[in-house]
Protein chains: 2
Amino acid sequence: MQSQSKVRELCRVHGLAATHQRVIIYRAVTARPGHYSPEDVYNLVRRQIPSISLATVYKNLKTFVAHGMLRELHPGAGPLRVDPTLERHHHLVCTRCGAVRDVASSWLVPVRARRPAPRGFRVREFKVDALGLCRKCARKRSPRSRS
Amino acid sequence: MQSQSKVRELCRVHGLAATHQRVIIYRAVTARPGHYSPEDVYNLVRRQIPSISLATVYKNLKTFVAHGMLRELHPGAGPLRVDPTLERHHHLVCTRCGAVRDVASSWLVPVRARRPAPRGFRVREFKVDALGLCRKCARKRSPRSRS
DNA sequence: GTATCTGCAAAAATTTTGCTAGTAT
DNA sequence: ATACTAGCAAAATTTTTGCAGATAC
């Protein structure tokens with residue numbers, strides 16, 4: 001978890017007013033790795049600021065994402081999720097239960113293109129989702145073959 | 001574009017009733033590569049079946065995805081999108097305008113893990129998004145450096 | 001003091017659901 | 001004949017917006 005003053009400084013660096021709500025929201029999201037929906041964040045933050053509104057949470061999450069202070073995720077269906085881990089990393093996405101886990105970038109052989117991208121596209125980074133089954137779902141899948 | 005009879009056969013293979021609506025929807029989505037939202041598909045299909053409902057489009061797109069007849073996409077924010085390209089491929093995602101283009105899997109050096117995935121996760125495939133700027137947005141970005 | 005931000009409430013956008021009549025097998 | 005599906009309308013969910021008052025710089 002980042003200290004209040006660190007968050008305030010981070011806001012300043014990005015030209016954002018360091019409001020109380022903003023500091024609390026950012027600290028809540030970065031308290032530990034995970035993938036939070038706006039609702040999740042709202043519920044976390046309400047413990048400390050019962051009067052906060054969901055709209056404020058949305059606005060600030062979008063602000064943080066726009067300033068690169070958080071990452072945006074769209075792993076499966078459903079609501080927006082936000083990821084506090086800024087270092088390059090990839091995701092393990094269970095196609096059965098939808099769970100998403102981070103995995104260090106070093107897990108993969110470096111991703112490289114063999115040639116420039118088509119149509120003048122300028123690649124900045126590669127984001128990899130490893131689709132498959134988490135242990136729990138892999139177990140459920142036909143304990144012995146079907147029949 | 002797939003012929004009506006091909007689509008009917010495909011439905012049969014997957015144990016789905018080959019209804020008129022289903023055939024029209026599937027043909028519309030697979031008419032050409034692209035990334036369609038349910039609204040898009042609805043508007044395409046309404047030309048041929050003015051009485052069709054958006055709910056029917058949603059139900060059928062989800063059915064197709066569940067049977068592996070389409071792929072589901074969540075490239076950026078916003079609505080569900082669906083991709084008719086079933087062969088392995090990756091995406092170029094413009095982080096400025098949100099445009100998504102397909103790029104052949106062979107564009108990348110093969111993606112491989114250096115070691116088994118953590119926590120018993122079973123990887124089935126890697127999905128790569130190349131994040132960056134499309135030509136149009138790259139041009140807009142500071143034609144000469146700022147100042 | 002001025003620009004930015006919050007909270008509220010309302011609206012917009014997206015997706016799901018239950019049900020009846022209709023259709024495919 | 002039986003099971004599945006379409007259309008409809010309503011609800012649920014997720015996200016955005018406008019604005020008055022409050023706060024940060």
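Proteins come first, then strands; the chains are lettered A, B, ... in the order of their sequence lines, and each starts at number 1.
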Can you list the residues that meet the side-chain hydrogen bond (donor to acceptor under 3.5 Å, both in side chains) rule with B:T30, with sequence neighbours excluded? none
May I ask you to say what A:S51 touches in the nucleic acid, namely base, sugar-phosphate or nothing, with a heavy-atom cut-off under 4.0 Å? sugar-phosphate
Using a cut-off of 4.0 Å on non-hydrogen atoms, how would the nucleic acid contact of A:I52 be classed: base, sugar-phosphate, or nothing?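 Sugar-phosphate only.
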A:R46 with A:E39: basic N within carboxylate O range, under 4.0 Å: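 No, this pair does not count.
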Run the salt-bridge test on B:K127 and B:E72 with the 4.0 Å N-O cut-off and return the result as yes or no.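 Salt bridge flag = no for B:E72 with B:K127.
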Establish, from distance only, whether the side-chain atoms of B:T63 and B:N60 form a donor-acceptor pair under 3.5 Å. no
Decide whether B:D102 and B:H35 meet the rule of one side-chain donor and one side-chain acceptor closer than 3.5 Å.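 Judged by distance alone, the side chains do pair up.
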Please give, in whole Å, the distance from [N] [atom2] to [X] [atom1]?
{"X": "B:E39", "N": "D:dT14", "atom1": "CD", "atom2": "P", "answer": "19 Å"}
{"X": "A:I24", "N": "C:dT6", "atom1": "CD1", "atom2": "P", "answer": "12 Å"}
{"X": "A:I49", "N": "C:dC8", "atom1": "CD1", "atom2": "C1'", "answer": "16 Å"}
{"X": "A:R22", "N": "C:dA3", "atom1": "CZ", "atom2": "C1'", "answer": "12 Å"}
{"X": "B:N43", "N": "C:dT14", "atom1": "CG", "atom2": "P", "answer": "12 Å"}
{"X": "A:L54", "N": "D:dT16", "atom1": "CG", "atom2": "P", "answer": "11 Å"}
{"X": "A:H67", "N": "C:dT4", "atom1": "NE2", "atom2": "P", "answer": "11 Å"}
{"X": "A:L61", "N": "D:dT16", "atom1": "CG", "atom2": "C1'", "answer": "14 Å"}

Using the closest heavy atom to pick a nucleotide of DNA chain D for each, name whichever of B:A55 or B:G15 lands nearer the 5' end. B:G15
Enclosure of B:R27 CZ (heavy-atom neighbours >12, cutoff 6.0 Å):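 Atom CZ in B:R27 is packed in, count exceeds 12.
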Determine: side-chain N/O of [X] to OP1/OP2 of [N], distance under 4.0 Å, yes or no.
{"X": "A:Y58", "N": "D:dT15", "answer": "yes"}
{"X": "A:K59", "N": "D:dT17", "answer": "no"}
{"X": "A:S53", "N": "C:dT6", "answer": "no"}
{"X": "B:N60", "N": "D:dA6", "answer": "yes"}
{"X": "B:Q21", "N": "D:dG7", "answer": "yes"}

If we only count heavy atoms from C-beta on, is the B:R115 to A:W107 side-chain gap below 4.5 Å?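 Side-chain contact under 4.5 Å: yes.
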The contact string for nucleotides 20-25 of chain C, one letter per nucleotide 5' to 3', using protein heavy atoms under 4.0 Å with B, S and - for base, sugar-phosphate only and none, comes out as ----SS
